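Report on the structure given below.
All figures in this text were calculated on a predicted structure; none of them were measured in a lab.
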Amino acid sequence: KMNYMPGTASLIEDIDKKHLVVLRDGRTLIGYLRSVDQFANLVLHRTVERIHVGRKYGDIPRGIFVVRGENVVLLGEIDLERETDTPLQRVSIEEILEAQRVQQHEKQEAEKAKSEALRERGLSVPRTDTLDEY
Amino acid sequence: MLGAPSARRRGQWRRSGWVSDGVARVGAMSRDMFALSDRQSLDDSPIEEDEEALQEEDHDIDQFNDDTFGPGAVEDWEEQHDGLADPTGDPDDLLKESNLAESISKLVIDSDLEDPAIMRAVPSNPPLQAPPRPNPSMWEGPMVFGGIGNPFLSHLEDGRALSGSKDSILPKRPAFGRGEERDLSDRAPPPRSSSPVIGSPPVRTAPIGTPPKHMSHPTSTQQPSILCPTPVHVRAPIHQRFSAPFNERMSPTQLLNVANSSLRAHHFQSGVTQVLNPLLLGTAQQTGRMSPSHFARVPGLMGSPLTVMNTNLLQSRIGQMMPPITGFQPYFSPAATGQLQSIRSSQSMFRADTTHLHPQHRRLLNQRLQLQNSRNQHRGQNGSGGDRHSRGSYHEQVKKDPYSNLMTQREKEWVSKIQMMQLQSADPYLDDYYYQNYFERLEKKQAALDLNNEGPRKEKKERMKLITPQVAKLEHIYRPVQFEGSLGKLTVSSVNNPRKMIDAVVTTRSDDDETKEKQVRDKRRQTLFTIERTYSLVLEVQDLEKKFLQVSEEERPAVLEHRKAKIALMYENLRGKQPPSSDRVSDDHFVQVMCIRKGKRLAAKVLLFLSTEQAANVVLATARNLPYLVKKDSQDEVLPCLTEACSILVSRLPSSALTELLQQLTGSTPSGQPGNHFPTILQNKFGLTLFYMILSQGERLQSSEASSELMQDNRWTELVFAVIRVLLKVPQASLAKPSFVPTNLLTLFSHYVDRQTLSLLESKLQLSGKLR
């Protein structure tokens, strides 16, 4: 069948192509989409987890990923020709993980300061357990 | 007599419900125990049995118990155990035939074989004796699987399923000689980490490590042992025992019996499935060979799994762990079955990739690819549903990507089918409003573009649109399950059939109880309800209009009627019930509605549906009460939403109505004096805009008709003079910024004032058209 469901977001056409997938927990995966199902569960092949910190990024090879559909925020096909055409700088895994750690730390500090400030003013901090914030 | 023992046995099992899993029993003691319990449970059916028979039965019973309740559960045990009514009993035969060491016979008879503790306790290392048979290989003669023998070996040569040399699963696979095999059999087998899949193909009961008869070289093709997940650490000499009784006529249970007992000689964990799948054996018994149907899910791989199993067993070393099942599953997954053929053939097997494939996995993939190769050599398959650029480049792409088309065509269609099914709807405008609207607009745009572009008659390019079938809406009334002849109904409460948990009754309070506040609140609430109802009416009318366009000619009048009725209702809801006498006009209800933000928006929507007369009525009421409404709207500032509707109306108004409107707006008395509140209207955006609109319309009417009615009416002229006076008085800063300024106001004023005043007005109201 040539055209699977024109005008819709069917993933059949995207199979065997390289995709970038953003998950609800904030991870970014890049891999070849091998299989889908009616829930948009994905099977990614030769997956690489890309961590972005600032203008730098690092890739961690992960192998095969099976992602439950509900955890996908968005996904899009990667243009292989333009894939390397990015202003971002690729660094080693160790470096990016370190950068990420620092970033997380800073965020936590900021969050702490914010909640402290709110508490001083008698306001409560909203709980963000149910939100997909990262 | 024959029948009775089996019956008794069955009864015993049912009553006692023995589960022999992992029960630590020690040798003879436990046997005695069981013997006792045998007899105890026999109270109701006293049948004289001799000792020997009892003992034999004990052994059988234990075994059978294990089959029934333990991990080696056999499905149709009743049938099978019928066959065991034979009083001669197989173990005895075997014993007699074998001239092996005593421990082996012990192994056969001894029921306490599962327990590792027992195993170690019992000296179970018989010195392996050379088989008395002349032929060196144990594989000759009657085969292990009664009657299913040589076909296996012949399949060894079948290169179909077996690819080139593969990595050994068990890396330390040696080139076996007989001697080594004997040594190895002495070792206790290692514990298994995972239990095999129940229903898996049968494990070879033949000992591992024994080279097959026709194997050319030890390192030949070796399929994943995943197919035979349980390690069969059967000692080499055991097979001797098999040779005689294993004939065509052996019942499956006998086979099972023997095989299991032999296997029990070794250190199995209780979780391990008893090896020989009796079903398989049973059918094998009949057919004389393993048929592919046994491996129901792998139709295309007939003999191969067995050969594979065979070779693997023969080759792998005792003491090695069989790889876990993980590799096994994908092999039998539905995707791997008949659908393999749709995968394009590919030459390169492995790519350097970041994943480290388990050797098993790699082998699986190899095998898969091989199959595909053999099947799809000349088939041109369009794998991914995408577009092809050129055959060459596509081939190249696919060549480089051996993992493409893992998802077969059938699977893609299957998923598509599900997605399509989800799109079926009885009323697409209801279910999928945004999609429908979006595509409508898209098509309109395309049509417009096409119209523009069309010089010579071009082919209209068709936009691909998904056409979903329109299904009739089926009313599914869920009825909970009811059984025939049962007393009462099942208490079932589910998502489809929720049970009423709380009986909430609406009670209306009497007027005495209510305080003024509550009354006010109630009134407001009622107004809100009215607004909601009217909104629904608006939506219904919109739907009717859409329906009108789609429905046939005959049905159209009916649709129109509906529409009209709804609009009348709308008007009534908005305007409020008017008293029959036309003198007193009650604006209360309307004002109530207009004080609510949503009410104003509603009015804007409703105005578009109303006839000129009714719309004029509404706008008049608005104008009449505008000072009050302006005050109320100071926070929301939603009045300007009425602008568009009002402008449409005003442009349709005849002169008399227009004059009336102006009078109402200015709050003028009959004498022509504008009301006190008029300046406040000028300070409001909507008010000012409406004012300008009226004046503009007046000018239009004036200029268009030769003998203008408007001019003939004194009122109009008086009113205009009055408002001009007010305009001149009002400070410029207090004037609101209107939504728009009509261009013909200057012309209008020029009829009434001198040039000086005109220029004054022009600058004040900024009528010259300059941007502010």
Side-chain angles (χ1 to χ4, degrees), chain A residues 1-19 21 28-51 58-70 72 75-81 83 90 92-93 96, chain B residues 326 330 333-335 339 343-344 351-358 361 365 381-388 393-394 397-398 400-423 432 434-436 438-440 442-443 462-468:
Chain A
K1 287 219 181 91
M2 267 319 291
N3 212 349
Y4 287 95
M5 305 182 57
T8 62
S10 161
L11 290 170
I12 307 286
E13 306 267 314
D14 290 328
I15 283 187
D16 289 336
K17 297 183 185 157
K18 197 167 188 182
H19 278 72
V21 182
T28 304
L29 303 178
I30 295 173
Y32 291 87
L33 185 63
R34 292 298 180 196
S35 185
V36 287
D37 69 355
Q38 68 266 36
F39 307 110
N41 295 331
L42 314 170
V43 172
L44 293 171
H45 182 224
R46 297 199 196 117
T47 315
V48 145
E49 180 180 338
R50 184 163 290 184
I51 301 178
D59 288 346
I60 305 174
R62 294 288 194 195
I64 300 177
F65 252 89
V66 174
V67 182
R68 190 178 164 98
E70 63 169 333
V72 174
L75 68 100
E77 189 186 337
I78 289 180
D79 186 344
L80 293 166
E81 291 161 26
E83 196 182 353
R90 171 133 185 223
S92 70
I93 297 178
I96 200 70
Chain B
T326 51
S333 67
Q339 316 305 336
I343 301 176
R344 178 183 293 275
R351 262 179 70 105
D353 55 15
T354 53
T355 59
H356 297 288
L357 288 178
H358 193 283
H361 185 183
L365 277 170
Q381 287 283 335
N382 184 10
S384 61
D387 40 359
R388 289 192 192 187
S393 68
Y394 187 64
Q397 278 176 17
V398 173
K400 290 194 184 129
D401 190 6
Y403 295 95
S404 66
N405 301 325
L406 280 171
M407 196 171 181
T408 64
Q409 197 62 26
R410 247 185 82 172
E411 286 167 351
K412 288 181 193 168
E413 287 170 21
W414 178 75
V415 174
S416 272
K417 189 167 62 142
I418 293 177
Q419 290 174 335
M420 293 287 274
M421 268 174 18
Q422 290 170 339
L423 292 180
D432 212 355
Y434 295 100
Y435 177 86
Q436 300 291 336
Y438 172 71
F439 266 94
E440 264 174 31
L442 215 59
E443 273 167 20
E462 270 180 38
R463 215 154 227 281
M464 288 271 250
K465 189 189 173 181
L466 186 65
I467 303 166
T468 49

Are any non-hydrogen side-chain atoms of B/Gln419 and A/Leu11 less than 4.5 angstrom apart?
no
If you take all heavy atoms of [X] and [Y], which pair is closest and at what distance?
| X | Y | value |
| --- | --- | --- |
| B/Ser416 | A/Ile12 | OG-CG1, 3.9 Å |
| A/Val36 | B/Val415 | O-CG2, 3.8 Å |
| B/Ser404 | A/Arg34 | CA-NH1, 3.4 Å |

Distance (rounded to the nearest 0.5 Å) between A/Ile15 CD1 and B/Leu406 CG
9.5 Å
Just how far is it from atom CD of A/Glu13 to atom NZ of B/Lys412, taken to the nearest 0.5 Å?
9.0 Å
Between B/Asp401 and A/Lys18, does any NZ, NE, NH1 or NH2 come within less than 4.0 Å of an OD or OE carboxylate oxygen?
no
Okay, A/Val43 and chain B: the region with an atom under 4.5 Å from a heavy atom over there is neither
Sorted by chain and residue number, the side chain to side chain donor-acceptor pair (under 3.5 Å) partners of A/Ser35 (sequence neighbours excluded) come out as none
Partner residues of A/Arg68 under the side chain to side chain donor-acceptor pair (under 3.5 Å) criterion, sequence neighbours left out:
A/Glu70
Is the number of heavy atoms from other residues, nucleotides or ligands under 6.0 Å of A/Glu81 CD greater than 12?
no
